[in-house]
Amino acid sequence: METSRTGWDQIPQINRDLLAPLQATTWWYVILVIGLGAGVAAGAGAWVYQIETGIGQTNLHKPIFWASYIASFVYWIGVSHSGTFISGVLRLSKAEWRRPITRIAELMTFISVLIATLCVFFHLGRVWRWYYLIPYPNQRTIWPDFRSPLMWDATAVFTYATASTIFLYLPLIPDFALVRDRVSDWRKPIYSILALGWRGSQTQWRALKWAQRIITPLIVMVMVSVHSIVGWDFGMALVPGWHTSIIAPYFVVGAVHSGLGMVVIAMYVLRRTYHLENYIRLEHFDKMGKLLVVTTLTLAYLYFADLLTTWYGKIPAENHVMYSMLSGPFAPAWWTMITMVYVLPLFTLTLPAFRRWPVGVMIVGMLINIGMYVERMLILIPPLVHPRLPYEWSSYFPSWIEITILIGALSLALLLYVLAVKFVPIISIWEEKEGRLHGGERG
Amino acid sequence: MDNRTHKEEIQGTAQNKTGSPKPYKWELVIDLDRCTGCEACVVACHAENNVRISGEEEAAQGRAINWIRIERSWEGEYPDIKATFMPVLCQHCNNAPCEPVCPVYASYHTPDGLNAQVYNRCIGVRYCGNNCPYVARQFNWFDPQWDAPLAEQLNPDVTVRMNGIMEKCTFCVQRIRKGKETAHQEGRRVRDGEVTPACVQSCPSSALVFGDRNDPTSRVAKMVKNDRRFHLLEDLGTEPAITYLKRLT
């Protein structure tokens, strides 16, 4: 009884703390939005230029038909696995510590799926004909070819985008209602619509809980399938170095690895900016650090299994790809990747004291993300520059247009996140209260 | 229905009074022992198929488009050294890796064994280019341009390809269609040697031979049984329609 009374006392404080970002805006925020907007504008300009003149503005050439845009697509889909993994898996396993970070992660999922889709559009040679990928009724009765892994991919990403939007929206409904009742300006009608007439009745709560119970296991399955299919875009191809059965599980774990790293960065920044030390506590950095150790080890195991098989097999085409990374022209990138993705996380995050140092965990999260981006480039470039006929061997480095467009995409991701923080309570208020008052889920 | 007659027409089976009802199967034989590496085939292909001309700079970037290329390699050590040449073009695989990966059916197999590319269907995802083990597929990174007099000699039978789409050797499908139409009007099958792609026509040492594999009397059908035969990257199981001949030792 005693704990429950103190719990109820906390409610006004929780509301004040968690609604604060929606109510006050600083100058720094405006400057940040303008800065990111400039980045987006630069990227958009570069993209328009690329469309107007031709995809030759990239440094792509035969036989490197896929490069930085597809690597970025894989990367952003990877980042999107943060939300579904943390939210989905931790909800399923009823891990109580998830409560303050589910929304941070789900929002990241939603935004990064959008950015990933955008990267596919950057890549298309004739982007103005993109709708050929949609199975729409047409005079010639031609449909897309569902034998192509790219169609599996388009289907999977569309499913994932839809499902993760619903997954983000459902737990937002009670929070939208809370905001609706507390704002009186122009935003009130928007929140009223978004809250779907939420009154907090017993029936409504039961419906919400059921909807979540249905979608949570589904989204976890979709998450696994989406990145498997992204992996199969490569695995189904004959290209030496891509054609391996381990690629699907490897991609799924790699995605969760970079996704967790990104969530740690967001946790640190939001905690610092909005003084959420009472909500995102050291305990959370500790738990995220442990999860990162698990993904590091799993990923290292899968990568080692793949390398060992290639090394022992000594198939010339695959050997050329592997040795170009171990000791050839890609060695600097490869060893940087190994250090950032495996070595440093393992030597830092296994120390309990380090995991309770938010700055340190955040830096490791950044290293993992840079490393994983390099890793995606390494999945694409070394196999493509070493086709089986050595007469066509080549090399690649992205052009300024590619870099500008991709920086634009990154700016757009950050901008959307920064704007969302002003619109959506970044910590799920009702779930936080539920955790504190009842010490867990009811019913 | 229209569809049926069209299908019969392209298979060469419609009103076929004299020959067998078998469809055509176009194949090419390249005798490497006869190839001198003169690249006449490359030039003829450019002229026949409106293949864009790339400058020095583009070629250095790896963006020169050649539907057929001569791969030159050196054998032995100086001074006892010899250059060997191998023409490589689209192998028109019977089991083509580029076909199933195309999401929009731009890359597909015709009933007479050609690996076709539908230009106005292509949206430029370039998966086919990655998946071709022969690196035979060529991408248009920009709109094509021809220097002053060259634009005057564009072949009216062949589409000019725009920026953003994939292209490659067609076995001069425009010539094949013309040959088939003539034969169809005369109520017979295409005769051996009646259809020759530009590369075959221009080869001074007759290293290239083209024909219908399903016609047992054709030169191609006989040559593919030659003891010197091999297929490029045969172990991949792509079943190429191009047979190479090369004497060992």
Side-chain angles (χ1 to χ4, degrees), chain A residues 51-67 70 120 123-134 140 142-154 233-234 236-240 242-243 317 380 383-385 387-396 399, chain B residues 3 54 58-66 69-73 86 88 96-108 118-144 162-166 168 232-233 235-238:
Chain A
I51 294 172
E52 281 289 320
T53 52
I55 203 84
Q57 295 300 345
T58 62
N59 267 352
L60 294 165
H61 56 271
K62 192 180 69 163
I64 301 117
F65 289 113
W66 288 2
I70 295 291
V120 175
H123 169 82
L124 287 184
R126 294 205 300 171
V127 67
W128 51 95
R129 292 271 186 260
W130 70 274
Y131 57 87
Y132 286 3
L133 291 166
I134 301 173
R140 294 177 189 172
I142 305 175
W143 271 44
D145 187 353
F146 278 95
R147 293 177 307 168
S148 170
L150 294 182
M151 283 314 299
W152 314 348
D153 202 340
D233 282 345
F234 306 98
M236 296 297 146
L238 276 178
V239 179
W242 285 3
H243 195 66
L380 273 134
L384 285 179
V385 303
R388 283 187 180 79
L389 299 180
Y391 189 79
E392 292 289 337
W393 283 8
S394 187
S395 64
Y396 163 86
S399 73
Chain B
N3 279 346
S54 310
E58 270 193 326
Q61 287 169 352
R63 287 186 177 162
I65 293 188
N66 298 301
R69 64 173 183 266
I70 306 290
E71 291 195 358
R72 185 208 58 208
S73 38
M86 182 164 73
V88 180
C98 56
E99 286 167 9
V101 297
C102 176
V104 293
Y105 282 115
S107 175
Y108 87 110
V118 187
Y119 301 133
N120 50 12
R121 188 73 191 155
C122 179
I123 58 171
V125 301
R126 310 194 280 284
Y127 202 156
C128 56
N130 286 340
N131 215 24
C132 174
Y134 308 102
V135 203
R137 294 188 151 257
Q138 318 283 328
F139 191 72
N140 287 277
W141 304 102
F142 294 108
D143 275 326
M162 72 184 300
N163 155 31
I165 61 173
M166 198 62 88
K168 58 161 200 73
L232 201 51
L233 301 176
D235 61 315
L236 292 177
T238 52

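Below, each value reflects all heavy atoms present in this structure, side chains not excepted, and no hydrogens, waters or symmetry copies. Here is the naming used below: chain letters follow the sequence lines, and residue numbers restart at 1 for every chain.
Among A:Arg388, A:Gln57, A:Met236, the residue with the largest count of heavy-atom pairs under 4.5 Å with chain B is A:Arg388. Interface check for chain A: of the options B:Ser73, B:Gly62, B:Cys132, the most heavy-atom pairs under 4.5 Å are formed by B:Gly62. If you tally non-hydrogen atom pairs under 4.5 Å between each of A:Ile70, A:Ile142, A:Ile64 and chain B, the highest count goes to A:Ile142. Ranked by heavy-atom pairs under 4.5 Å with chain B, the list A:Leu150, A:Leu133, A:Asp233 is led by A:Leu150. Counting heavy-atom pairs closer than 4.5 Å to chain A, the top-ranked of the candidates B:Asp143, B:Thr238, B:Leu233 is B:Leu233.
The side-chain heavy atoms of A:His61 and B:Phe139, taken from C-beta on, include no pair separated by under 4.5 Å. Side-chain contact between A:Leu384 and B:Asn130 is present, with at least one heavy-atom pair separated by less than 4.5 Å. By the 4.5 Å heavy-atom criterion applied to side chains, B:Val104 and A:Arg129 are not counted as neighbours. In this structure the side chain of B:Arg126 reaches within 4.5 angstrom of the side chain of A:Ile55, judged on heavy atoms. B:Val125 has its side chain within reach of A:Leu124: a pair of non-hydrogen atoms, C-beta onward, lies under 4.5 Å apart.
Interatomic distance, B:Leu236 CG to A:His243 NE2, rounded to the nearest 0.5 Å: 9.5 Å.
For a residue to count as touching a neighbouring chain, one of its non-hydrogen atoms must lie under 4.5 Å from one of that chain's; by this rule A:Pro387 touches chain B with the side chain only. Heavy atoms of B:Arg121 lying under 4.5 Å from chain A belong to its backbone as well as its side chain. Heavy atoms closer than 4.5 Å to chain A are found in both the backbone and the side chain of B:Ile123. Of the atoms belonging to B:Met86, not a single heavy atom falls under 4.5 Å from chain A. When heavy atoms are compared at a cutoff of 4.5 Å, A:Thr58 approaches chain B by way of both its backbone and its side chain. Both the backbone and the side chain of B:Glu71 come within less than 4.5 Å of a heavy atom in chain A.
Closest approach of A:Phe65 and B:Arg137 over heavy atoms only: CZ-O, 3.5 Å. Taking both residues in full, the closest heavy atoms of A:Lys62 and B:Trp141 are given as N-CZ2, 4.0 Å, listed atom of the first, atom of the second, then distance. Taking every heavy atom of both residues into account, B:Glu99 and A:Arg147 meet most closely at O-NH2, 3.9 Å. Between B:Tyr127 and A:Pro149, the shortest heavy-atom distance links the atoms OH-CG, 3.7 Å. The two residues B:Pro133 and A:Leu389 come nearest to each other via the heavy atoms O-CG, 3.9 Å. Taking both residues in full, the closest heavy atoms of A:Asp145 and B:Cys102 are given as CB-O, 3.3 Å, listed atom of the first, atom of the second, then distance.
Checking side-chain atoms of A:Arg126 against main-chain N and O of B:Asn120 turns up a donor-acceptor pair under 3.5 Å. A donor-acceptor pair under 3.5 Å is formed between the side chain of B:Arg63 and the backbone N or O of A:Leu60. A donor-acceptor pair under 3.5 Å links the side-chain atoms of A:Tyr391 to the main chain of B:Ile70, judged by distance alone.
Applying the ring-ring contact (aromatic ring centres under 6.0 Å, His included) rule to A:Trp242 yields the partners A:Trp66, A:Phe234; only residues at least two apart in sequence or on another chain are considered. In this view, A:Trp393 and A:His320, A:His386 satisfy the ring-ring contact (aromatic ring centres under 6.0 Å, His included) rule, not counting sequence neighbours.
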